[in-house]
Amino acid sequence: MNNGPKISIITACFNTENTIEQTIKSVLGQTYENIEYIIIDGASTDGTMEIVGKYMDKIDVVVSGSDKGVYDAFNKGVQIASGKYVMFLNADDYLLENDVIKQLADFIIKKNEAVCVYGDIYMINESTGYKTKYGQNINLEKLKEGIMPPHPATLLLREVLLALGGFDLQYRIAADFDLMAKVLQKYENRMYYLPIVVSMFRLGGLSSNDRTRSIVLNETKSILNKYFPDNRSLVNQQAHDTNESLMKKWLEQIIFHNKSISTPLKEKQIKSVVIFGSEEMALLIARDLINSDIQIRGYLDNNELRHGIIMNDIEVYHPEWLWDIENIKQIDAVIFGFQGFHDEAVKKQLDTYKLKKEIQCLSWRDLVCDIN
């Protein structure tokens, strides 16, 4: 047996028959022997448990039953675990090399008072082949920017995890960020970074899915406001990251699948729209829709300096354009075509115009997410 601390690796899964075998093999193939492997299944209805069953004699603990989500499953695993350190490896991720746990364990031995050691991950979009490396040395200032150690590359003292209450289930997606915020505040000088790539993280999971990015943003902001009420560094960067990610997806859909944001509009029987916004984002949206034979009746903008400008034969109007019943008859929807997160403010403004219920209000971000 390796001369090092016992490490409990916890995999939470639910209907992951397409990926979990690779996860299991990556753990069972580790050269470091002092590993306890725990799988917490959320009562999967596909072939997940049949795959797990093939390796039952090599997995230390398997639990299957309903739970309240991935963080509830992780908490259950921590209660069961007997290792000194715990790692959380999702069922669609996998350890990259057979000796990565040994490298982390050897590093722990050198840092004999380590509360946490962590490395890097590769993030991959298997639809396009895009891959990028994520990870760096993290301190409280980095955390305030929304950056944290990636949990599929992190070993954390189990006793500390328990003392801090585990994962807070009030957070649907960012409970790991909340946990690391608590750890960093208390043990920053006992957390160590090892610059090796530990695992592969598939984009498209709960925390990286385009449909849940706004939840991630809101939860992360809430956590930062809780611990660092004067911090304001996260909002703009997260907005930029979210927009960049969605614009990449938009481009991918056009290039690889010949689909655009007009696709969900046509599915909703929307043929004519007005775009709220008149900057570059609105122009991109207009071009996409025009190429798909959806009519653009105008741009709307609260900036009076923009009113009357003609762009690609389309005029910019004051939002009060919507007060005219003849204009309203021409459109099926209002598309939010701005990069900032102003959706709620614009919705409140439009509510005062008492639009017909048939007039839908849709963000370009929602449309990108809805492309099937």
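Heavy atoms only: backbone and side chains are in, while hydrogens, waters and symmetry mates are out. Predicted model only: the values in this text are computed from it and were never measured.
There is a side-chain donor-acceptor pair under 3.5 Å between S272 and R297. Side-chain contact check for R365 and Q339: no donor-acceptor pair (N or O, by modelled atom type) lies under 3.5 Å. Neither side chain, H318 nor D301, offers a donor N or O lying under 3.5 Å from an acceptor on the other. In the model, S260 has no side-chain atom that pairs as donor or acceptor with a side-chain atom of Q253 under 3.5 Å. Side-chain contact of D41 with S64: a donor-acceptor pair under 3.5 Å is present, judged by distance alone. For the residue pair Y37 / T11, a side-chain donor-acceptor distance below 3.5 Å is found, with atom types taken as modelled.
Not a single donor-acceptor pair under 3.5 Å links the side chain of D288 to the backbone N or O of L284. In terms of modelled atom types and a separation under 3.5 Å, the side chain of E188 and the main chain of L140 share a donor-acceptor contact. Checked by atom type and distance alone, the side chain of S26 never pairs as donor or acceptor with a backbone atom of Y94 at under 3.5 Å. A donor-acceptor contact shorter than 3.5 Å links the side chain of N225 to the backbone of K221. Listed for the N312 side chain is no donor-acceptor partner under 3.5 Å among the backbone atoms of I314. A donor-acceptor contact shorter than 3.5 Å is absent between the side chain of E36 and the backbone of K6.
The 12-atom threshold is exceeded at NZ of K226, counting heavy atoms of other residues, nucleotides or ligands nearer than 6.0 Å. Around the CD atom of E280, the shell of radius 6.0 Å holds no more than 12 heavy atoms that belong to other residues, nucleotides or ligands. Counted within 6.0 Å of CD on Q136, heavy atoms from surrounding residues, nucleotides or ligands total more than 12; the atom is thus considered enclosed. Crowding of K266 atom NZ: a count of heavy atoms from other residues, nucleotides or ligands under 6.0 Å exceeding 12. By the 6.0 Å contact criterion, CD on Q170 is enclosed, its count of non-hydrogen atoms from other residues, nucleotides or ligands being greater than 12. Within a 6.0 Å radius of CG in D351, other residues, nucleotides and ligands contribute more than 12 heavy atoms.
The aromatic rings of W321 and Y317 sit parallel, their planes meeting at an angle under 30°, below the 60° perpendicular limit. Note: Y353 and W323 have perpendicular aromatic rings, judged against thresholds of 30 and 60 degrees for the angle between ring planes.
The two residues I275 and G337 make their nearest non-hydrogen contact at CG2-CA, 4.1 Å. Contact record, I39 with I59: CD1-CD1, 3.6 Å, taken as the closest heavy-atom pair. Contact between T23 and A91 at its shortest, heavy atoms only, is OG1-O, 3.0 Å. Contact between F177 and L143 at its shortest, heavy atoms only, is CZ-O, 3.5 Å. D93 approaches P152 most closely through the heavy-atom pair OD2-CG, 4.0 Å. Here the closest heavy-atom approach between residue I101 and residue Q30 is recorded as N-OE1, 3.2 Å.
Within the 4.5 Å cutoff, the side chain of L289 has heavy atoms near those of the L265 side chain. You'll find the side chain of I331 reaches within 4.5 Å of the side chain of V274, heavy atoms only. A heavy-atom distance below 4.5 Å is found between the side chains of S278 and M311. Residues R158 and S8 are not in side-chain contact: their nearest non-hydrogen atoms beyond the backbone lie 4.5 Å or more apart. Side chains of L322 and I359 form no contact here, defined as non-hydrogen atoms less than 4.5 Å apart. For the pair F276 and P319, the minimum side-chain heavy-atom distance is below 4.5 Å. No side-chain heavy atom of N34 sits under 4.5 Å from any side-chain heavy atom of I7. A 4.5 Å side-chain heavy-atom check between M49 and E17 finds every atom pair outside the cut-off.
Within the model, atoms NZ of K25 and NZ of K58 stand 10.0 Å from one another, a figure rounded to the nearest 0.5 Å. Taken from OH in Y118 to CE in M180, the straight-line distance is 7.5 Å, to the nearest 0.5 Å. E320 CD to N302 CG: the interatomic distance, rounded to the nearest 0.5 Å, is 9.0 Å. Atom CD1 of I38 is separated from atom CG of L89 by 12.5 Å, given to the nearest 0.5 angstrom.
Under the 4.0 Å criterion applied to side-chain N and carboxylate O atoms, K102 and D106 are assigned as salt-bridge partners. K54 has a carboxylate O that lies under 4.0 Å from a charged side-chain N of E21, or vice versa, which qualifies the two as a salt bridge. Remark: E252 does not engage K249 in a salt bridge, criterion side-chain N to carboxylate O under 4.0 Å. Ion pairing between a basic and an acidic side chain is recognised when a charged N comes within 4.0 Å of a carboxylate O; D332 and K268 show no such pairing. Between K271 and D293 there is no salt bridge, since no side-chain nitrogen of the basic residue lies less than 4.0 Å from a carboxylate oxygen of the acidic one.
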Check your understanding: How far apart are the C-alpha atoms of K182 and D178, what are their side-chain angles, what is the distance that settles it, and do they pass the salt bridge (Lys or Arg N to Asp or Glu O under 4.0 Å) test?
Key -> CA-CA 6 Å; K182 291 186 284 190; D178 175 72; 3.6 Å; yes
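F74 and F14 are members of different hydrophobic clusters when ILVMFWY side chains are connected at heavy-atom separations under 4.5 Å. Under the 4.5 Å side-chain heavy-atom criterion for grouping Ile, Leu, Val, Met, Phe, Trp and Tyr, I109 is not connected to V117 through any hydrophobic cluster.
Exactly one residue among Y171, F88, F167 makes a ring-ring contact (aromatic ring centres under 6.0 Å, His included) with Y71. That residue is F167.
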